[in-house]
Protein chains: 2
Amino acid sequence: MNLHPTAQKFIVHWGEMGTRWGINRSVAQIHALLYLSPEPLAADEIVETLAIARSNVSTGLRELQTWGLVRATQVLGDRRDRFSTATDVWELFRVILRERKRRELDPTLAVLRECVAEAKAAPAPALPHLDKRLGAMLEYMELADSWGERAARLEPAKLRRLAKLGDSIFKLAE
Amino acid sequence: MNLHPTAQKFIVHWGEMGTRWGINRSVAQIHALLYLSPEPLAADEIVETLAIARSNVSTGLRELQTWGLVRATQVLGDRRDRFSTATDVWELFRVILRERKRRELDPTLAVLRECVAEAKAAPAPALPHLDKRLGAMLEYMELADSWGERAARLEPAKLRRLAKLGDSIFKLAE
DNA sequence: CTATAACTTCTGAAGATACAGAAATAATGA
DNA sequence: TCATTATTTCTGTATCTTCAGAAGTTATAG
């Protein structure tokens with residue numbers, strides 16, 4: 001599959017951004033390609049288009065599927081799986097938010113809660129500082145958690161409207 | 001400097017989370033240590049506490065300084081620099097937001113704008129799809145940019161109040 | 001049942017990153 | 001100026017990550 005230069009530019013950049021966020025470059029590129037593709041793609045088409053090994057496409061697709069970002073679909077009369085991703089950016093946002101929350105924020109909250117409990121329970125004298133700092137961080141993380149929780153629940157259209165509304169409200173606060 | 005087990009737990013976890021976000025483990029640990037420390041620390045104290053090489057502490061501190069997350073201060077009668085970080089979580093949030101926006105969102109916006117312009121200007125017939133997808137992504141990123149811009153400007157206390165207010169509003173939208 | 005196609009997992013090599021210790025530089029005080 | 005201390009930069013090694021190709025597995029058609 002030959003790629004329009006503009007699509008290529010986007011895909012390359014997306015891959016680069018991915019690496020900055022702990023996402024494998026190939027994985028991010030596959031996702032970008034699927035995002036731009038008018039119809040679902042077979043693994044081999046991805047191999048050809050991005051010029052990466054079949055095995056990596058397989059692994060990458062699997063990872064994207066565990067993230068919930070990519071779905072496999074079938075076409076009648078063809079054994080091969082076709083892969084696609086959501087094209088609604090707000091849906092994408094929601095899925096990524098949910099997963100990152102689950103993988104990163106939730107464990108952090110757990111650790112913080114333990115830490116705060118320990119700092120409070122300790123009979124030691126020198127902990128008020130620790131307690132205070134950890135408590136502030138916990139409060140912040142809990143608020144972030146609440147935002148994430150709520151945002152992940154909203155359907156894309158509502159999310160978009162709310163984001164635009166929030167932007168206006170923000171404006172007033174300035 | 002000996003570290004309370006609770007502090008240790010937090011620092012280790014913070015380092016681990018850092019790696020997931022493209023932040024070097026040592027750098028994240030140094031930051032966590034400074035966040036918990038009641039007073040600014042000298043580089044050697046960090047070396048001793050985290051058991052990492054002096055050179056890495058030097059590099060890590062420099063990186064944190066270029067992020068604007070750490071400041072060097074002086075103590076009368078001591079040649080050594082002391083390092084500290086903001087203890088207000090909302091200030092931290094703001095600084096990190098500003099930097100990530102500058103380093104990641106801004107370049108992405110630039111690329112996206114170019115891509116959209118190219119897709120629109122192209123005389124080719126097969127681009128409406130590309131135009132649509134890229135346009136949707138651009139719109140999303142521009143909204144994110146606006147949020148980032150506004151949030152980075154607000155002072156911490158206002159930011160915190162707004163975040164709490166937003167949380168309540170969010171609740172209503174559910 | 002066999003051949004083939006689609007897909008996944010394994011393995012080793014290449015590349016990138018992290019990091020300790022050494023060497024070099026800069027700053028301070030005698 | 002020289003000696004000492006603080007700090008940064010350099011360099012090689014260890015570790016982690018990425019990735020292609022091979023080997024293995026599963027599914028399908030004939």
Side-chain angles (χ1 to χ4, degrees), chain A residues 1 11-34 39-67 70-84 103-104, chain B residues 1 11-34 40-67 70-84 103:
Chain A
M1 212 174 79
I11 290 167
V12 166
H13 181 80
W14 206 244
E16 223 43 52
M17 281 306 111
T19 61
R20 300 224 188 174
W21 287 77
I23 311 286
N24 179 293
R25 180 179 288 113
S26 311
V27 173
Q29 285 183 354
I30 293 170
H31 181 249
L33 174 60
L34 292 179
E39 69 279 320
L41 296 179
D44 279 320
E45 297 177 292
I46 299 174
V47 169
E48 202 194 335
T49 312
L50 298 180
I52 55 183
R54 181 55 233 261
S55 53
N56 296 324
V57 170
S58 181
T59 320
L61 284 170
R62 174 194 278 277
E63 178 161 355
L64 286 166
Q65 280 173 296
T66 71
W67 271 79
V70 160
R71 284 187 325 143
T73 54
Q74 320 294 330
V75 172
L76 226 81
D78 192 337
R79 283 167 51 193
R80 297 176 305 172
D81 281 338
R82 307 304 176 101
F83 300 91
S84 60
R103 296 173 190 212
E104 290 148 24
Chain B
M1 213 174 79
I11 290 167
V12 167
H13 181 79
W14 207 244
E16 223 44 51
M17 280 306 112
T19 60
R20 300 223 190 173
W21 287 77
I23 311 286
N24 179 293
R25 179 180 288 113
S26 311
V27 172
Q29 286 183 353
I30 293 170
H31 181 248
L33 174 61
L34 293 179
L41 297 179
D44 279 319
E45 297 178 292
I46 300 174
V47 169
E48 203 194 335
T49 310
L50 298 180
I52 54 182
R54 181 56 233 261
S55 52
N56 295 324
V57 171
S58 181
T59 321
L61 284 171
R62 174 194 280 276
E63 178 160 354
L64 286 166
Q65 282 173 294
T66 70
W67 271 79
V70 160
R71 283 189 324 145
T73 54
Q74 319 295 328
V75 172
L76 226 81
D78 192 336
R79 283 167 52 194
R80 297 177 303 172
D81 280 339
R82 307 302 175 100
F83 300 92
S84 61
R103 296 175 191 211

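All chains are named by letter (A, B, ...) in the order of the sequence lines, taking the proteins before the strands, and each is independently numbered beginning at 1. A quick note: this is a predicted structure, and the numbers were derived from the prediction, not measured. Because only heavy atoms are used, hydrogens play no part in the values below, and waters and symmetry mates are left out as well, while side chains stay in.
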Visitor: Roughly, in whole Å, what's the span from CD1 in I30(B) to C1' in dA18(C)?
Guide: 12 Å
Visitor: What closest approach, in Å, do A28(B) and G15(B) show between heavy atoms, and which atom pair accounts for it?
Guide: CB-CA, 3.8 Å
Visitor: Just to be sure I understand the geometry, which residues of residues 41-49 of chain B put a non-hydrogen atom under 4.0 Å away from DNA chain D?
Guide: none
Visitor: Can you measure from CZ (R25(A)) to CZ (R20(A)) and round to the nearest 0.5 angstrom?
Guide: 11.0 Å
Visitor: Closest-nucleotide mapping onto DNA chain C: is I52(B) or S55(A) further toward the 5' terminus? I mean the 5' end.
Guide: S55(A)
Visitor: Could you list the donor-acceptor pairs under 3.5 angstrom formed between side-chain atoms of residues 51-65 of chain A and any protein atom two or more places apart in sequence or on another chain?
Guide:
{"residue": "T59(A)", "atom": "OG1", "partner": "S55(A)", "partner atom": "O", "Å": "2.8"}

Visitor: Output the distance between atom CD (E104(A)) and atom CD (E16(B)), rounded to the nearest 0.5 Å.
Guide: 11.5 Å
Visitor: Nearest whole angstrom, please: distance from the C1' of dC7(C) to the CZ of R54(A).
Guide: 5 Å
Visitor: Measure the NE2-CG distance between H31(A) and N24(A) for me, rounded to the nearest 0.5 Å.
Guide: 14.0 Å
Visitor: Checking side-chain contact (heavy atoms from CB on, under 4.5 Å) against F83(A), which of L34(A), T73(A), I30(A) comes through?
Guide: L34(A)
Visitor: R79(A): which residues meet the salt bridge (Lys or Arg N to Asp or Glu O under 4.0 Å) condition with it, sequence neighbours left out?
Guide: none
Visitor: Say you draw a straight line from CG of L33(A) to CG of L50(A); how long is it, rounded to the nearest 0.5 Å?
Guide: 5.0 Å
Visitor: CD of E16(A) versus P of dA16(C): gap in Å, rounded?
Guide: 11 Å
Visitor: As a test of reading the structure: which of dA20(C), dC7(C), dC10(C) is closest to the side chain of R80(A), going by heavy atoms?
Guide: dC7(C)
Visitor: Applying salt bridge (Lys or Arg N to Asp or Glu O under 4.0 Å), name anything that partners E48(B), two or more places apart in sequence or on another chain.
Guide: none
Visitor: Select base, sugar-phosphate, or nothing to describe what N56(A) touches, counting heavy atoms under 4.0 Å on all strands.
Guide: base
Visitor: What are the bounds, 5' to 3', of the part of DNA chain D that sits under 4.0 Å from heavy atoms of chain A?
Guide: dT18(D) to dT28(D)
Visitor: OP1 or OP2 of dC19(C) versus the side-chain N and O atoms of S26(B): is any pair under 4.0 Å?
Guide: yes
Visitor: Hey, does L41(B) have a side-chain heavy atom less than 4.5 Å from the side chain of R82(B)?
Guide: no
Visitor: Between protein and nucleic acid, restricted to nucleotides 28-30 of chain C and to nitrogen or oxygen atoms under 3.5 Å apart, what atom pairs and distances do you find?
Guide:
{"residue": "dT28(C)", "atom": "O4'", "partner": "R79(B)", "partner atom": "NE", "Å": "3.4"}

